Protein chains: 2
Amino acid sequence: MSLRPYEDVMKAVADPTRVRILKILEGGELCVCQIIAVIALGQSTISKHLFLLRSAGLIKDRRDKKWVHYSLDGKGGNPYAGTMLRNLRKWLNDDPLVRKDRERTTLARNLGPVAICEGGMALPGGKTVRCRPASGGEASAARPG
Amino acid sequence: MSLRPYEDVMKAVADPTRVRILKILEGGELCVCQIIAVIALGQSTISKHLFLLRSAGLIKDRRDKKWVHYSLDGKGGNPYAGTMLRNLRKWLNDDPLVRKDRERTTLARNLGPVAICEGGMALPGGKTVRCRPASGGEASAARPG
DNA sequence: ATGTCAATTCGTCAGGTGACGAAATAAAGG
DNA sequence: CCTTTATTTCGTCACCTGACGAATTGACAT
C-alpha cells in the first residue's frame, strides 16, 4: 500500500511498448525472440522492457533449454499488478496496433522460437537482428544499416 | 479504446505528485491555492499537473469568483479515467505521504481559499509563494530563496 | 573446455518530463 | 479605466527515459 510499488506498476503500464508486450502475452507465454519479432525493436530494448515489467511483478520468466519464456504474472507481492493486468484484459482490444501485434503473434507462435531465432529474430518480411549469411538467398529480409 | 487516451491516463496517474493531487481531491473539491499549499510546490508546477490531469479526464474545474476549484471527474469521454479513480480510492490510503497530505488538506479546508491566498498560498509554517510584506511580522513563514 | 547463440548488460544519445522563476492572462473591485 | 491578484503560460535547466549497437554473460552441445 505504499507509493513505490504503485509507481513501478503504473510507470510500467504507461509505456506503449510495454503495453504491447503485455497484450501479446495475454495469449500465453512467449519466448524473448518471439516478442522481439512481433514488436520489431532491438533486443536490448525489449530486454530492458521485460526487466521493468518483471520488476513490477507484471510478468514472470521461465527458462527452457536455450530460451527464456515470459508470461503474465500478477500473483506476486505487488498488489497493483494483478488489478492492472485484469483491466488490460478488457482494454485496448480494439486498438489497431494491438490487433496487428496479435496477428503477428499468431504467426510467431506457429513458427516457434527455433525458426524465429534462426531467421534473425524476425517474422518473414521483418528486419533481422542478426544478419546471418543464410545458405539460401532471402529476398527482402536483411536490411543493412 | 485506443492507445492515446489510455496512455494519457496512465502517464497522468503514474506521477507521484499527480497521485497526491488526486488523493487529496478525494475529500472533495479544492481551490488551486489550497492544492499548492498542501503539496508545497511552485504554482506553475501545480498548474501544469492540473492541466495534465484535466486533459486525461481525471479532474474538472469550476470557476467561482476569483478562484478556480478542481474536483475529481472521470465521467468524461476517457473510459480509463473512471476506473483508475475508482482504483485509487482503495489504493495508497496507508501511504505516509498521502496521510500527511490528508491532514494538511483538512487544515487547508478549515482555513479556506481566502486565508490561504492571503498567506502566500502556504499553510501556517510552510514556505510562501508570494512574499507579501504583511503588516504584522510573521515569525517563520516567509523564507527568501 | 570450448564454441555457439539467445539473452542481458553497457555506453551513448536524442527527446521527454518535472522543477523553478518570470512574465502574461483574466476576473474583481475601486 | 486601472489596479490587484489568482492562475496560467513561457523560458530554462537538470534529470529521466527509451532507443540503438557493441560487448558480455550464461546455458547448451560437442
Side-chain angles (χ1 to χ4, degrees), chain A residues 7-8 10-12 14-21 30-37 39-55 59 61-70 112-122 127-134 143-145, chain B residues 7-8 10-12 14-21 30-37 39-55 61-70 112-122 127-133 143-145:
Chain A
E7 208 181 327
D8 288 342
M10 293 308 145
K11 281 199 195 307
D15 179 81
T17 303
R18 288 193 286 270
V19 195
R20 290 175 67 194
I21 295 176
L30 284 172
C31 167
V32 173
C33 63
Q34 290 174 305
I35 299 174
I36 292 172
I39 306 289
L41 285 176
Q43 21 182 352
S44 59
T45 305
I46 299 292
S47 190
K48 183 92 174 294
H49 283 310
L50 291 171
F51 173 80
L52 288 171
L53 287 169
R54 184 154 46 86
S55 301
I59 61 175
D61 58 344
R62 176 182 72 84
R63 184 141 209 142
D64 180 40
K65 311 212 179 177
K66 272 196 284 193
W67 294 277
V68 178
H69 297 261
Y70 280 90
V114 183
I116 287 182
C117 284
E118 285 182 349
M121 300 188 185
K127 66 168 181 209
T128 58
V129 169
R130 300 249 160 123
C131 301
R132 316 167 79 247
R143 287 267 358 243
Chain B
E7 209 182 328
D8 288 342
M10 293 308 145
K11 282 201 196 305
D15 179 81
T17 303
R18 287 192 287 268
V19 195
R20 290 175 66 195
I21 295 177
L30 284 172
C31 167
V32 174
C33 62
Q34 289 174 305
I35 299 175
I36 292 172
I39 306 288
L41 285 175
Q43 21 179 357
S44 58
T45 305
I46 299 291
S47 188
K48 184 91 175 291
H49 282 311
L50 291 172
F51 172 80
L52 287 172
L53 287 169
R54 185 155 46 86
S55 301
D61 58 345
R62 176 181 72 85
R63 191 151 202 135
D64 180 39
K65 310 209 180 182
K66 269 197 284 192
W67 295 278
V68 177
H69 297 262
Y70 279 91
V114 183
I116 287 183
C117 284
E118 284 182 350
M121 300 189 186
K127 63 168 183 212
T128 58
V129 169
R130 300 251 158 125
C131 298
R132 314 165 82 250
R143 290 265 358 243

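A, B, ... follow the sequence lines: proteins, then strands. Residue 1 opens every chain. This structure is a prediction, so every number in the text was calculated from the model and none was measured.
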Tell me whether the OP1 or OP2 atom of C/dA6 has a side-chain N or O from A/Tyr70 closer than 4.0 Å.
-> no
Taking atom P of D/dT5 as reference, at what distance in whole Å does atom CD1 of B/Ile116 sit?
-> 17 Å
Report the nucleotide, chosen from D/dA19, C/dT8, D/dG18, that has the shortest atom-to-atom distance to any side-chain atom of A/Leu50.
-> C/dT8
Distance test, side-chain N/O of B/Thr17 to OP1/OP2 of C/dA19, below 4.0 Å = yes
Identify which nucleotide among D/dT8, C/dA7, D/dG18 has an atom closest to any side-chain atom of A/Asp15, counting heavy atoms from C-beta outward.
-> D/dG18
Relative to the 5' end of DNA chain C, which residue comes earlier, A/Lys11 or A/Arg54, by the nucleotide with the nearest heavy atom?
-> A/Arg54
Nearest 0.5 Å, what's the NE2-SG distance between A/His69 and A/Cys33?
-> 8.0 Å
Please list, for nucleotides 27-29 of chain C, all pairs of protein and nucleotide N/O atoms separated by less than 3.5 Å.
unit_1	atom_1	unit_2	atom_2	d
C/dA28	OP1	B/Lys65	O	3.2

Measure the distance from CD1 on B/Ile35 to P on D/dT8 and round it to the nearest whole Å.
-> 9 Å
Which atom pairs link the protein and nucleotides 11-13 of chain C when you take only N or O atoms and keep those under 3.5 Å?
none

Would you sort out whether B/Phe51 and B/Ser47 count as a side-chain contact (heavy atoms from CB on, under 4.5 Å), showing the intermediate values?
-> CA-CA 6 Å; B/Phe51 172 80; B/Ser47 188; 5.9 Å; no
Value in whole Å for how far the C1' atom of D/dT8 lies from CZ of B/Phe51 | 10 Å
Among the nucleotides D/dT8, D/dA19, C/dA7, whichever has the atom closest to the side chain of A/Val32 is C/dA7
Atom-to-atom span, CD1 of A/Ile46 to P of C/dA7 - whole angstrom = 12 Å
Counting side-chain heavy atoms from CB outward, which of C/dG18, D/dT9, C/dC20 is closest to B/Thr45?
-> C/dC20
Give the rounded distance in Å between these two atoms: CD1 of A/Ile39 and P of D/dG18.
-> 14 Å
Does B/His49 make a side-chain N or O approach to OP1 or OP2 of C/dT17 shorter than 4.0 Å?
-> no
What closest approach, in Å, do B/Arg18 and B/Ala12 show between heavy atoms, and which atom pair accounts for it?
-> NE-O, 2.9 Å
Spacing of A/Ile116 atom CD1 and A/Ile36 atom CD1 [to the nearest 0.5 Å] = 10.0 Å
Between C1' of C/dG16 and CG of B/Asp8, the distance in whole Å = 14 Å
Once you round it to whole Å, what is the distance between P of D/dA6 and NE2 of B/His69?
-> 12 Å
Measuring from B/Ile21:CD1 to B/His49:NE2, what's the distance to the nearest 0.5 Å?
-> 6.0 Å
Against the side chain of B/Leu52, the closest entry in C/dA7, C/dG18, D/dT8 is C/dG18
CG of B/Leu53 to CG of B/Asp61, rounded to nearest 0.5 Å, is 12.0 Å
Going through the distances and angles, do A/Trp67 and A/Gln34 end up as a side-chain contact (heavy atoms from CB on, under 4.5 Å)?
-> CA-CA 10 Å; A/Trp67 294 277; A/Gln34 290 174 305; over 6 Å; no
For A/Ala14 and B/Glu7, work out which heavy atoms get closest and say how close.
-> O-CG, 3.5 Å
Hey, what do you get for CD (A/Gln43) to OG1 (A/Thr45), rounding to the nearest 0.5 Å?
-> 9.5 Å
Distance col, row B/Ile35:CD1 vs B/Thr17:OG1, nearest 0.5 angstrom, shows 12.5 Å
Rounded to the nearest angstrom, tell me the gap between atom CD1 in B/Ile36 and atom P in C/dA19.
-> 13 Å
